[in-house]
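Accompanying notes for the structure given below.
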Amino acid sequence: MGLAEEVRGLSQAVLTLDKATIRFGGLFAVRDVSFSIQSGDLFGLIGPNGAGKTTCFNLITGVYKPTAGVVKFGDTVLNGQAPNRICEMGIARTFQNIRLFSSMSALENVVVAGSLRQKSSFISALSYLPSAIKETGEIRARALELLKVMDLEDIADVRSCDLPYGKQRRLEIARAMATDPTLLLLDEPAAGMNPQESEQLMRTVRRIRDEFGKTVLLIEHDMKFVMNLCERIVVLDHGVEIASGGPAEIRNNPKVIEAYLGEAV
Amino acid sequence: MSFWIRRLASIALAVGGCFLIDWFAKENLKDFIVRLVVLAALYITLAVSLNLINGITGQFSIGHAAFYQVGAYAAGLATVTFYKSQPLGLALWIPLMMLVGGVTASVAGLVVGLPSLRLRGDYLAIVTLGFGEIIRIVTQNLKVVGAASGMAVEPKMSTPMIWLAWLLAITSIAVCRNLLQTAHGLGFLAVREDEIASSAMGVNVTRTKVAAFVLGSAFAGMAGGFLAHYEGFLIPTMFTMDVSFIILTMVVLGGSGSVTGSVIAAILLSTLPEFLRDIQQISMAGLVAAAISIIAGVVAVRYVSQHVHTPSTRRIAYPGAIIGSIILTVVLSKVLAFIPTLANASTDGSRIRLVIFAVTLVVLMLVRPQGLLGHREFGWGSLRRSEA
Ligand SMILES: Nc1ncnc2c1ncn2[C@@H]1O[C@H](COP(=O)(O)OP(=O)(O)OP(=O)(O)O)[C@@H](O)[C@H]1O
Ligand SMILES: [Mg+2]
């Protein structure tokens, strides 16, 4: 273990999974998975179809409650917390099967997420008081900024269901960013994108980490994307963790190669 | 500062407008029409408040008459019990009782809203409808509120307080509009669109749904409080399931989620069918002709929407299909009048009122499933524009 990694090991973990397990009937979708993500990591979670990657995200974000094991955000145990509470604490996600608010405009999608930390009360909104108007304006301005970051400012007013696939994926990221998370979870952000788009996305994700200081955990099937972007990777297969380490280690790990049945990794 | 001046000015304008309607109606309109003016305002309130629950937040609640009834009975009972032993005049007392009705109904809204956290779609619809029936049947058997023979609300308003009904309607519209203009309101729409994504973005889905139920039923309850003192008499049959269905029809017809749509549909559906009551004799020939023409019209409109794609042709084709079916009605009714069995049979207007609601809904679902306005609003500068 190099010095840099040792230092990292000492720093505070943002997210820790400790023997996280979830069972659907007889199926262990995720079984005894343990890993921890340090602040500022660009962390990859990979594995063949049905490996349990999305289920891991659902465990972390409170969609499912772990059957056993612990999910910790900093020092806080997340088991059993409601998804909106977890988001408030600072974990935001995108969805593999895009879940935008489809009849709302791109901007409105981001504003919904951006209103998470607003201070003006419900009553002030109902009576349209200056505080509510002002804060809505600020949230909007921030949302437009984020649309710019994701290169979407030109479609701010387009209904999100009318957007092409690649833009919907980027809008999901903008929306998640609007909640101002500490940890950003991206579920197959490059799926359905062409090589140029995915190249562009890679730069954007790196920028999200470097400029905005977010810690990123991402699931992706595009190996080029993961290997170029992520500094640490965990590999799942049939719900179990089969390998973890840097891209080079993962690429040469026989178990990983076997899991992917000889696919080029 | 200029904000408060503008705010006060717009409130003054709204109140002034209400008194203007009041004055105009009392000076110029027949009692029968004045009644429609009042009912229109109450139905606007009911439709707009159901739209908040149903259209904006996406909770398929269909028993809105229950909250209307709870408000009416609470206000009525309070007046019967306390009015004599207190110093307030009727002009102050009635608005106060509307608040009592609103608060009581919102408690009922809370009770019904809670299952909505677990139930979705049709299941919630059944629960809300069932709640409405329970409320109605309980009052039917409750001695303190006169059971099935009803309860007199003494004193009632000496002349219809038209302004008050309209002030309530405008307030309900303003509250919904305000909500949709702020970031808070978008959270309600988000819950309608996708609950899982909403909660993942930090929206408190539970609180949002309950807030919609409480607020929506509060307005229905206030409308009920008004009704109690307007009619001076309450009886459970005033709040049957068809009242709920009429309110629901207004929301769907206007376009679920659109406040302006609810208002327009509420005005149309609360007034137009009433005029039918006056028509004593509607010939069967005319009815059959209308039925055939409606079918022909629907087929024509659907044909245009599916097969005609050039905008200029469409602009002619749509009105053409509608005017065509009206002409067809007239011609057919003359032709059918030659058939003796049809020519001699007739029915009266009040009987086909509900038929008209049903037909309107069926036609709408076929021709324009998104409702008159869809999700759109008229004349609002809103968040939807990207410039500040
Ligand atoms: N709610 C559920 N009920 C039952 N089984 C489930 C549920 N959710 C996931 N599973 C099962 O858990 C396993 C893991 O699914 P998951 O979606 O996590 O895979 P994944 O790694 O994200 O795959 P992909 O790459 O295809 O997205 C699958 O076998 C899936 O069928
Ligand atoms: Mg997945």
Side-chain angles (χ1 to χ4, degrees), chain A residues 61-63 82-89 91-95 98-105 107-118 120-122 124-130 132-133 135-141 143-144 147 153 156-157 159-160 172 175-176 178-179 181 185, chain B residues 1-4 6-7 10-11 52 55 58 171-172 174-208 210-212 214-215 218-219 255-258 370 374-376 382-388:
Chain A
T61 55
V63 177
N84 61 303
R85 274 288 300 142
I86 291 176
C87 178
E88 226 175 291
M89 291 178 200
I91 302 181
R93 72 177 288 183
T94 66
F95 293 90
I98 296 172
R99 277 179 174 274
L100 290 166
F101 307 127
S102 45
S103 78
M104 297 163 76
S105 74
L107 180 64
E108 287 172 326
N109 267 273
V110 183
V111 169
V112 168
S115 58
L116 170 61
R117 294 174 210 291
Q118 68 183 330
S120 56
S121 67
F122 185 55
S124 74
L126 291 183
S127 29
Y128 208 48
L129 294 183
I133 302 171
E135 195 161 30
T136 299
E138 290 163 2
I139 293 169
R140 255 176 117 260
L144 277 171
L147 287 179
E153 71 270 28
D157 291 333
R159 271 202 317 180
S160 61
E172 279 237 345
R175 185 177 68 172
T179 64
L185 310 182
Chain B
M1 195 58 220
S2 86
F3 168 84
W4 288 108
R6 259 183 300 152
R7 173 55 57 93
S10 54
I11 291 176
L52 174 63
T171 308
S172 69
V175 163
C176 283
R177 172 227 177 243
N178 291 348
L179 187 63
L180 290 180
Q181 296 269 52
T182 50
H184 277 284
L186 290 185
F188 284 64
L189 292 174
V191 168
R192 170 187 80 192
E193 298 290 311
D194 190 324
E195 283 183 25
I196 291 181
S198 305
S199 61
M201 294 305 125
V203 176
N204 189 333
V205 175
T206 309
R207 215 171 53 192
T208 306
V210 170
V214 168
L215 201 59
F219 275 110
S256 270
S258 165
Q370 71 272 46
H375 285 326
R376 276 172 300 167
S382 80
L383 270 170
R384 285 159 200 255
R385 285 179 317 182
S386 65
E387 56 290 340

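None of the values given here were measured: they were computed from a predicted structure. Labels below follow one simple rule: chain letters A, B, ... track the order of the sequence lines, proteins then strands, and each chain is numbered from 1. The figures here come from the full heavy-atom set of this structure, side chains too, leaving out hydrogens, waters and symmetry mates.
Of the listed residues A:P181, A:A143, A:P130, the one with more heavy-atom pairs under 4.5 angstrom with chain B than any other is A:P130. Residue with the most contacts toward chain B among A:S115, A:A113, A:A125: A:A125 (heavy-atom pairs, distance under 4.5 Å). The candidate from B:S198, B:G185, B:A174, B:S199 with the greatest count of non-hydrogen atom pairs under 4.5 Å with chain A is B:S199. Listed options A:R175, A:E88, A:R117 were ranked by heavy-atom pairs under 4.5 angstrom with chain B; first place goes to A:R175.
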### Task
Just do the side chain to side chain contact (heavy atoms under 4.5 Å, CB included) check on A:L126 and B:N178 with the steps written out, would you?
CA-CA 5 Å; A:L126 291 183; B:N178 291 348; 5.5 Å; no

### Task
Give the intermediate values and the outcome of side chain to side chain contact (heavy atoms under 4.5 Å, CB included) for residues B:I196 and A:F95.
CA-CA 10 Å; B:I196 291 181; A:F95 293 90; 4.0 Å; yes

### Task
Given side chain to side chain contact (heavy atoms under 4.5 Å, CB included), test A:N84 with B:V205 step by step and report yes or no.
CA-CA 8 Å; A:N84 61 303; B:V205 175; over 6 Å; no

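Only the side chain of A:I139 has a heavy atom closer than 4.5 Å to any heavy atom of chain B. Neither the backbone nor the side chain of A:S124 comes within contact range of chain B, judged by heavy atoms closer than 4.5 Å. For A:S102, the parts sitting under 4.5 Å from any heavy atom of chain B are the backbone and the side chain alike. Of the atoms belonging to B:T206, not a single heavy atom falls under 4.5 Å from chain A. With a threshold of 4.5 angstrom between heavy atoms, A:I86 does not approach chain B through any atom at all. Heavy atoms of B:L215 lying under 4.5 Å from chain A belong exclusively to its side chain.
In this structure a side-chain-to-backbone donor-acceptor pair under 3.5 Å is present from B:E193 to A:S103.
Note that the CD atom of B:Q181 and the CD1 atom of A:I133 stand 8.5 Å from one another [nearest 0.5 Å]. One distance of note links CE of A:M104 with CG of B:D194; it measures 11.0 Å at 0.5 Å rounding. One distance of note links CD of A:E108 with CG of B:L189; it measures 7.0 Å at 0.5 Å rounding. With rounding to the nearest 0.5 Å, the separation of CZ in B:R7 from CG in A:L129 is 6.5 Å.
Summarising the geometry of B:T182 relative to A:A132, their closest heavy-atom pair is CG2-CB, 4.1 Å, with the distance given to 0.1 Å. In this structure, A:C87 and B:M201 approach most closely via the heavy-atom pair SG-C, 3.4 Å.
Annotation: cation-pi pair B:R177/A:Y128 present, NZ/CZ under 6.0 Å from the ring centroid and within 45° of its normal.
Using the six-membered ring where Trp is involved, A:F122 and B:F188 have ring planes that are parallel, under 30° apart on the 30 and 60° scheme.
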